[in-house]
Amino acid sequence: MAHYLNDISRTFSEYLLIPGLTTKECTQENISLRTPLVKFKKGETSSINLNVPFVSAIMQSVSDHKMAIALARNGGLSFIFGSQDIETQAEMVYKAKSYKAGFVVSNANLTPEHTLRDVIALKEQSGHGTIGITSDGTSEGKLLGIVTGRDFRVTRDDPDMKVKEFMTPFSKLVTGEFGISITEANDIIWDHKLNCLPIIDKDQFLKYLVFRKDYENHKANPNELSDDNMKLLVGAGINTRDYKERVPRLLEAGVDVMCIDSSDGFSEYQKETLEYIKLTYGENVKIGAGNVVDRDGFMYLAEAGADFVKVGVGGGSICITREQKGIGRGQATALIEVAAARDEYFRKTGVYIPICSDGGIVQDYHMVLALAMGADFIMMGRYFARFDESPTRKLMVNGNYMKEYWGEGSNRARNWQRYDMGGSEALKFEEGVDSFVPYAGKLKDNLNITLGKIKSTMGSCGVLSLDDLKQNAKITLVSSTSIVEGGAHDVVVKDSRNTNT
């Protein structure tokens with residue numbers, strides 16, 4: 001006989017938060033949204049922490065290198081989609097990691113014997129305006145000079161002119177010594193009114209470049225998520241089929257964390273993948289797993305070595321897994337049970353494994369509910385698909401600007417690996433739809449509004465951190481009539497309002 005669960009499968013819309021004491025300390029600037037991304041032991045801290053509790057979904061229509069850059073600059077992290085060939089995904093990771101931040105390896109280099117024609121061609125190919133001139137034309141050769149747009153005029157100078165004739169020579173450069181901090185490098189830049197500071201070792205070999213614009217960009221994005229070298233943090237999705245080939249290329253490209261992308265994480269395929277990666281590359285390589293909806297699924301992946309666990313089956317706006325297979329669980333109910341399992345595992349082992357709520361977010365307040373119910377961070381697809389930085393086209397549909405948005409389980413994505421259970425490579429039936437979402441503009445502008453709402457709600461709950469929210473939030477079930485009461489009612493609204501995320 002089948003096992004019947006007596007609890008009702010509930011969604012976020014069936015709950016509300018009860019206000020707590022709002023103290024004078026509960027101001028936006030005092031509220032922290034910092035949260036752990038990967039597991040850690042009791043008394044220690046996570047090796048990767050998000051500055052805002054958001055990651056973008058592992059989807060073709062959401063997370064490429066442009067989204068990875070934009071989200072990391074604003075405190076979150078993207079998992080670049082894995083339903084593409086290995087080299088293309090690795091190149092996206094590399095582009096995001098090399099975008100900016102602090103000590104930058106010089107990717108555009110020539111020798112003094114090259115010509116202005118070579119400089120122009122390299123600038124067009126690489127997009128870089130600063131070219132390092134080294135003894136051997138490599139990024140680590142002996143630094144002999146620098147070329148920028150101020151050193152030549154395309155309309156007047158001979159294209160066959162040698163670089164050594166117009167470069168700024170080493171004797172006129174201000175440089176930094178290899179080993180100095182990013183703060184010291186920025187001080188030199190400001191003291192000498194520079195745009196670029198080459199970092200060299202004691203033998204004059206080029207190590208890095210530090211740019212003024214990176215400092216200014218960082219100041220404009222105080223939540224920026226970066227590593228010790230000020231490189232943006234970037235994630236990537238993998239599957240349980242080609243991980244032996246994909247993972248080493250992603251690591252070579254500089255990926256900081258990976259996640260197995262699957263509609264069903266409670267599987268031996270994920271266990272084998274986790275165990276292989278941990279055995280081959282060690283605990284320093286971070287990888288999440290999922291998705292699961294109950295205690296058994298969480299415990300299985302925790303024991304297999306997952307660094308975080310994703311929660312949610314069938315709750316995404318483009319997901320039709322529940323409709324097609326009758327598999328899934330209301331996101332709120334799933335999250336509550338998995339959070340309890342996470343806490344149980346922590347008490348028993350002293351290892352805290354963060355959980356990610358994936359799916360079910362319709363309103364901004366649902367995000368706060370997910371965090372209050374135990375999620376350490378939230379993965380979203382539709383929310384991020386609406387922005388300029390997502391990889392899809394912006395189209396005019398019925399008089400309104402829209403962005404394309406399709407599920408990884410749709411025939412358009414053809415991501416059969418995500419739904420693989422052995423067998424053939426054919427996507428036998430769809431578990432996702434192809435759709436549009438209303439265009440919303442730039443990520444930063446929308447994200448700031450969302451974060452403001454979350455902090456305001458936390459202030460009304462009387463909490464200053466996400467840990468505080470998890471421990472002290474008061475949550476109540478609501479009736480269907482209570483939901484109606486919570487919106488505008490018994491009036492004629494003058495202007496339409498968009499309250500959805």
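Computed over heavy atoms, backbone and side chain alike; hydrogens, waters and symmetry mates excluded.
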Query raised in the report: Which heavy-atom pair separates Gln270 from Gly265 by the least distance, and what is that distance?
Result: NE2-CA, 3.4 Å
Query raised in the report: Looking at Phe346, does the NZ or CZ of Arg342 lie under 6.0 angstrom from its six-membered ring centre and within 45 degrees of the ring axis?
Result: no
Query - Least distance between heavy atoms, Lys403 atom then Thr392 atom - result: NZ-O, 2.7 Å
Query raised in the report: Rounded to the nearest 0.5 Å, how far does CD of Glu303 lie from OH of Tyr300?
Result: 11.0 Å
Query raised in the report: Only one of Thr450, Val437, Val362, Leu443 forms a side chain to side chain contact (heavy atoms under 4.5 Å, CB included) with Tyr383, so which one is it?
Result: Thr450
Report task. Heavy atoms only: give me the nearest Phe384-Met380 pair and the separation to one decimal. Result -> CD1-O, 3.3 Å
Query - Nearest-0.5 Å distance, CG of residue Asp467 to CZ of residue Arg34 - result: 12.0 Å
Query raised in the report: Hey, are Lys66 and Asp388 close enough for a salt bridge, meaning a charged N less than 4.0 Å from a carboxylate O?
Result: no
Report task. Would you name the heavy atoms of Ser61 and Trp406 that are closest together and state the gap between them? Result -> OG-O, 3.1 Å
Report task. Determine the sole option in Asn74, Asn448, Val52 for which the side chain to side chain contact (heavy atoms under 4.5 Å, CB included) test with Asn223 is passed. Result -> Val52
Query raised in the report: Are Leu37 and Lys286 close enough that some pair of their side-chain heavy atoms sits under 4.5 Å apart?
Result: no
Query - Verdict with supporting geometry, Lys231 and Asp256, side chain to side chain contact (heavy atoms under 4.5 Å, CB included) - result: CA-CA 10 Å; Lys231 296 284 189 180; Asp256 297 287; over 6 Å; no
Requested in this report: Over all heavy atoms of both residues, which pair between Ala339 and Ile355 is shortest? Give the atoms and the distance, please.
Outcome: CA-CD1, 3.6 Å
**Report entry** Lys394 atom NZ, neighbour heavy-atom count above 12 within 6.0 Å
**Finding:** yes
**Report entry** Trace of the side chain to side chain contact (heavy atoms under 4.5 Å, CB included) decision for Gln363 with Phe12
**Finding:** CA-CA 9 Å; Gln363 311 278 7; Phe12 294 131; over 6 Å; no
Report summary line: Distance col, row Phe40:CZ vs Ile353:CD1, nearest 0.5 angstrom, shows 10.5 Å
Query raised in the report: Would Lys470 and Asp376 satisfy side chain to side chain contact (heavy atoms under 4.5 Å, CB included), going step by step from the backbone distance to the final call?
Result: CA-CA 9 Å; Lys470 290 187 186 76; Asp376 294 281; 3.5 Å; yes
Report summary line: Test side chain to side chain contact (heavy atoms under 4.5 Å, CB included), reference Phe211, set Leu194, Ile189, Asn195, Thr130, output is Thr130
Query raised in the report: Does the distance from a Lys or Arg side-chain N to an Asp or Glu carboxylate O, for Glu404 and Arg393, drop under 4.0 Å?
Result: yes
Report task. To the nearest 0.5 Å, tell me how far Ile287 CD1 sits from Lys278 NZ. Result -> 7.5 Å
Query raised in the report: Is there side-chain contact between Met379 and Phe377, with at least one heavy-atom pair below 4.5 Å?
Result: no
Report task. State plainly whether the residues Arg347 and Glu344 are in salt-bridge range, i.e. N to O under 4.0 Å. Result -> no
Query raised in the report: Does any N or O in the side chain of Gln89 come within less than 3.5 Å of the main-chain N or O of Phe81, such that one atom is a donor and the other an acceptor?
Result: yes
Query raised in the report: Are Leu451 and Gln28 side-chain neighbours, meaning at least one heavy-atom pair lies under 4.5 Å?
Result: no
**Report entry** Taking every non-hydrogen atom, the tightest pair across Leu50 and Val55
**Finding:** CD1-CG1, 3.9 Å
Report task. Would you tell me whether Ser63 and Ser56 have side-chain atoms, one donor and one acceptor, within less than 3.5 Å of each other? Result -> yes
Query - Distance-only polar pair, side chains of Ser262 and Tyr269, donor-acceptor under 3.5 Å - result: no
Requested in this report: Ignoring hydrogens and angles, tell me if any N or O in the side chain of Ser390 forms a donor-acceptor pair with the backbone of Arg386 under 3.5 Å.
Outcome: no
Report summary line: d(Leu371 CG, Ser465 OG) to nearest 0.5 Å is 11.5 Å
Report summary line: Rounded to the nearest 0.5 angstrom, the CD1-CG distance for Ile475 and Leu17 is 5.5 Å
